[in-house]
Each structure stands twice: as C-alpha cells, then as structure tokens.
Amino acid sequence: MDVTARIHEQLTKCGVRIAASLPDDWVAPLIERIAADNQIRHVRVAREAEAIAICSGAFFGGVRSVALMGATGLLTCTGELATLNLRHQIPVFLIVSQRGSIDDHRIYQEVQGRRTLPLLEAYDFPYHIVDRPEEVGAIPDAFEACRMQKRPFVLFLTRRLVKGEGAA
Amino acid sequence: MKARDAIDVLARHRGEAVAVCALGMAANEWWAATKSEDSFYMHGAMGFAASFALGLALSLPQVPVWLINADGSLCMNLGCLLTEASQAASNLKHFVVANGVYQTVGGLPMVNDGRTDYAAMARAAGFPRARTIEALDELERQLPAIAAEDGPSLTVLRVEPETGFLRTPPMTYEGPEMKYRFGRALERRFGIEVFGPQGY
C-alpha cells in the first residue's frame with residue numbers, strides 16, 4: 001500500500017467526512033485520492049484559511065474533518081487559526097507538507113523551513129511530524145490529541161515520506 | 001434602509017435557520033434582534049464567516065443555514081464566492097449587509113466605495129440566484145420566497161451608513177463560552193454529537 005493510501009485509510013479510521021484542501025505538489029496525490037472517495041465530501045478552496053473555517057463550521061455540525069495544504073498555505077492562515085480556533089478553542093486538524101527541509105532544494109521554500117515550527121510554537125499550536133510510512137498509524141492519536149487540546153494541530157508530512165527515500 | 005431594520009426583518013423570517021454572523025455590525029445587530037444561542041457570532045477570522053457557514057451547511061444538509069455577512073467581511077475574501085458556488089449547498093443562504101463603510105471603526109469608507117455590484121459578482125462566480133434589495137418594503141415582500149428557494153443564493157441588503165459610531169453592543173458572551181453555547185444548542189435541536197462523551 002502506498003503512503004497516500006495509508007494516510008487515507010487512517011483518516012477514514014478517524015471518521016473524517018469532510019476534507020477541505022488547497023494543494024502543493026507534495027500533498028496533491030493525497031488530495032486527489034481523497035477527492036475520489038465518495039464517503040468524504042471534498043471542498044476545493046481558493047485560499048487556505050477557507051479550509052480552516054470550513055472545518056471549524058463542520059465541527060459544530062458534529063462532522064469530523066481535515067484541512068490539507070502546503071507549508072506556505074499554513075503561513076497564510078495563522079491569523080485565522082489564532083482569532084477563530086485559538087479564541088474559541090475550536091479543534092482543527094491540518095495535514096501539511098513540511099517544506100523547506102534540508103532535502104527540499106527549492107529556494108522559495110527556505111524561509112518556511114526555518115520559521116514554520118518556531119511560529120507554531122509561538123502560537124502554542126501542537127504538531128507531529130510523520131517521516132516514515134510505518135509512522136502513519138499515529139494519525140488517529142494525533143486526531144484525538146487535536147480534539148482534546150481544542151486547537152489547531154498540524155500533522156506534517158516530510159519529503160522522504162511523500163516522495164520516497166533518495167528521490168531527487 | 002437602516003441595517004437594524006433590515007436585520008429585524010431577517011430575524012422575523014428566520015424560521016428554523018441556524019445563523020452564522022460575520023464579526024462587527026452584522027453580529028451585533030443579529031444578537032440585538034434575536035438574542036439567539038443557536039447562532040455563531042464570529043469574533044475574528046474576518047472574511048471567513050462564509051467558509052464557516054459552508055462547513056456547517058455541508059455538515060447539516062437538512063438544516064437551513066443563513067449567513068449574515070457584511071460587505072467589509074465579504075471583501076476580505078471574495079474567493080469564498082467561488083467555493084460556495086462550487087459546493088452548491090441547497091441549504092445555504094448568504095445575506096450581505098452592505099453599507100459601504102467600516103461601521104464599527106467609525107464609518108470609514110470601504111475600497112471602491114459605491115461601485116461594486118456584489119450580486120453580479122456572485123452570479124459571475126456561479127451562484128444560480130443573486131439579487132440586491134434596497135428598500136425595506138421590498139425586503140419584506142421578497143424574503144418569504146428567498147427563504148423558501150434552494151440555495152446557494154446571495155442577497156445584498158443595501159443599507160445606509162449610519163452617521164457616527166454605531167454602538168449596538170455585542171453579545172454578552174464570547175470565546176469558549178460561545179463555542180459551548182452554540183454547540184450545545186445544536187446538539188439539543190438536532191440530536192447530533194458535537195462534543196463527545198467526555199465533553200470535548
């Protein structure tokens with residue numbers, strides 16, 4: 001089973017019924033896999049903060065959800081995560097590519113690699129990094145931790161996880 | 001048409017709808033008119049009340065969801081119109097209280113003051129139904145049909161900017177308390193589980 005199938009399987013195990021997404025190329029295969037699942041309502045958005053607010057509204061409808069995006073998109077919605085989710089203690093589970101890592105040789109991702117984790121720590125948003133296919137089974141625990149902590153929780157996918165060992 | 005009067009008419013025709021209000025004037029006036037706990041009053045994320053309402057509407061497809069938005073908030077993320085149109089939630093009605101100013105900070109004019117046609121923008125985004133209403137009697141006359149039609153629809157309520165600071169007070173609770181009052185109200189009304197057996 002490839003890694004996107006494993007992640008999809010774990011999200012299903014969490015009871016996710018709505019996924020809101022804006023792709024970067026690392027999470028695009030996962031998004032398209034979820035989009036093909038008729039048990040999950042997939043919402044393509046025009047800006048990442050829409051995904052955050054859609055998941056927040058779904059919480060009050062009693063529906064479990066996930067927001068999928070790239071690291072750059074995560075940086076664009078920190079204001080909404082703070083003023084909606086932190087302010088009202090609304091959990092939102094995000095799956096985000098961990099761009100800007102040492103094996104991500106894209107100059108336009110460099111700042112995201114250096115500053116994203118310190119930024120999340122400043123906001124006190126918990127996160128968990130999944131680096132190996134065998135770690136994907138941690139997703140239900142991460143999802144539950146998100147609900148218990150009542151705030152944004154970011155599950156990062158590394159380059160090695162989504163692109164494979166040693167991929168250029 | 002005054003904003004308070006327009007909101008009063010919406011409140012009278014609300015029926016079973018759950019409301020989501022953009023922060024500021026729309027939320028404060030809806031609270032003044034309804035004192036309702038089965039309404040969510042945004043206190044932040046300006047521009048994203050529409051997305052919150054969409055998530056709620058998709059989660060509760062049998063429940064009418066009314067979004068009480070404002071022009072300042074809508075303009076923070078006009079892309080929400082594309083997302084709403086694409087999802088075609090038949091239970092979602094989008095109202096935009098449009099006064100052309102940032103009312104709660106003293107009535108300073110908005111960008112492109114007076115020239116923007118939000119209903120035309122919604123139609124161009126793919127909304128099957130969108131219109132602008134400028135008079136209170138027209139709103140009274142059209143609202144029953146608007147409430148009964150399939151969504152998504154967008155209705156712009158063109159209201160006068162108020163002179164001076166509009167001091168309608170906000171709702172008397174906030175933050176986590178709003179989360180729990182709203183969530184518990186929806187649990188009671190619809191028999192859903194928002195918080196789980198341990199309360200989170």
Side-chain angles (χ1 to χ4, degrees), chain A residues 14-22 35 40-67 69 73 76-93 123 143-153, chain B residues 18 20 23 38 40-63 65 67 76-87 89 91-92 125 174-187 190-196 198-200:
Chain A
C14 294
V16 166
R17 291 289 175 268
I18 287 180
S21 76
L22 204 155
I40 296 178
R41 178 70 175 250
H42 180 226
V43 184
R44 298 185 198 275
V45 299
R47 186 179 169 87
E48 288 84 353
E50 288 185 60
I52 300 304
I54 286 167
C55 291
S56 301
F59 171 78
F60 289 100
V63 169
R64 294 180 170 223
S65 65
V66 63
M69 64 190 69
T76 69
C77 52
T78 51
E80 287 74 26
L81 290 167
T83 63
L84 177 61
N85 301 88
L86 206 54
R87 174 149 184 70
H88 292 287
Q89 297 184 1
I90 302 169
V92 58
F93 190 70
Y123 276 116
F143 199 92
E144 188 66 11
C146 172
R147 286 187 64 94
M148 289 178 70
Q149 295 196 28
K150 309 177 198 65
R151 63 188 65 213
F153 188 110
Chain B
V18 170
V20 174
L23 79 171
D38 57 351
F40 192 84
Y41 307 89
M42 303 286 282
H43 274 181
M46 187 171 178
F48 295 92
S51 310
F52 185 102
L54 177 61
L56 187 65
L58 294 177
S59 303
L60 297 170
Q62 308 307 319
V63 175
V65 175
L67 166 63
M76 282 268 178
N77 184 42
L78 290 164
C80 74
L81 297 175
L82 311 184
T83 312
E84 279 181 80
S86 72
Q87 290 300 310
N91 57 330
L92 181 59
E174 54 86 48
E177 186 178 1
M178 187 179 300
K179 164 190 166 180
Y180 288 107
R181 286 205 199 189
F182 182 58
R184 294 297 185 201
L186 297 193
E187 285 184 331
F190 305 116
I192 60 172
E193 183 180 278
V194 175
F195 296 113
Q198 295 184 70
Y200 60 84

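Throughout, a chain's letter reflects where its sequence line sits, starting with A, and its residues are numbered from 1.
Applying the side chain to side chain contact (heavy atoms under 4.5 Å, CB included) criterion to R87(A), with sequence neighbours excluded, gives H43(B), E174(B).
Side-chain atoms of T83(A) come within 3.5 Å of backbone atoms of A45(B) as a donor-acceptor pair (strictly under, hydrogens ignored).
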request  = Check step by step if side chain to side chain contact (heavy atoms under 4.5 Å, CB included) holds for Q198(B) and M148(A).
outcome  = CA-CA 9 Å; Q198(B) 295 184 70; M148(A) 289 178 70; over 6 Å; no
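Rounding to the nearest 0.5 Å places CZ of F48(B) at 11.5 Å from OG of S56(A). With rounding to the nearest 0.5 angstrom, the CZ atom of F52(B) is 6.5 Å from the CG atom of L84(A).
Contacts between R47(A) and chain B at a heavy-atom distance below 4.5 Å involve the side chain alone, from C-beta outward. Contact annotation for Q87(B): both backbone and side-chain heavy atoms come within less than 4.5 Å of a heavy atom of chain A.
Ranked by non-hydrogen atom pairs under 4.5 Å with chain A, the options L54(B), N77(B), V20(B), V63(B) are led by N77(B). Of the listed residues (R64(A), E50(A), R41(A)), the one with the most heavy-atom contacts under 4.5 Å to chain B is E50(A). Contact count versus chain B (heavy atoms, under 4.5 Å) is highest, among A82(A), G62(A), A58(A), for A58(A). By number of non-hydrogen pairs under 4.5 angstrom with chain B, the leading residue of C77(A), G61(A), A53(A), C55(A) is A53(A).
The nearest pair of heavy atoms linking F60(A) to K179(B) is CE2-O, 3.4 Å. The minimum heavy-atom distance linking I18(A) with S59(B) is given by the pair CD1-OG, 3.6 Å.
Taking the six-membered ring where the residue is Trp, the centroids of H88(A) and F40(B) are separated by under 6.0 Å.
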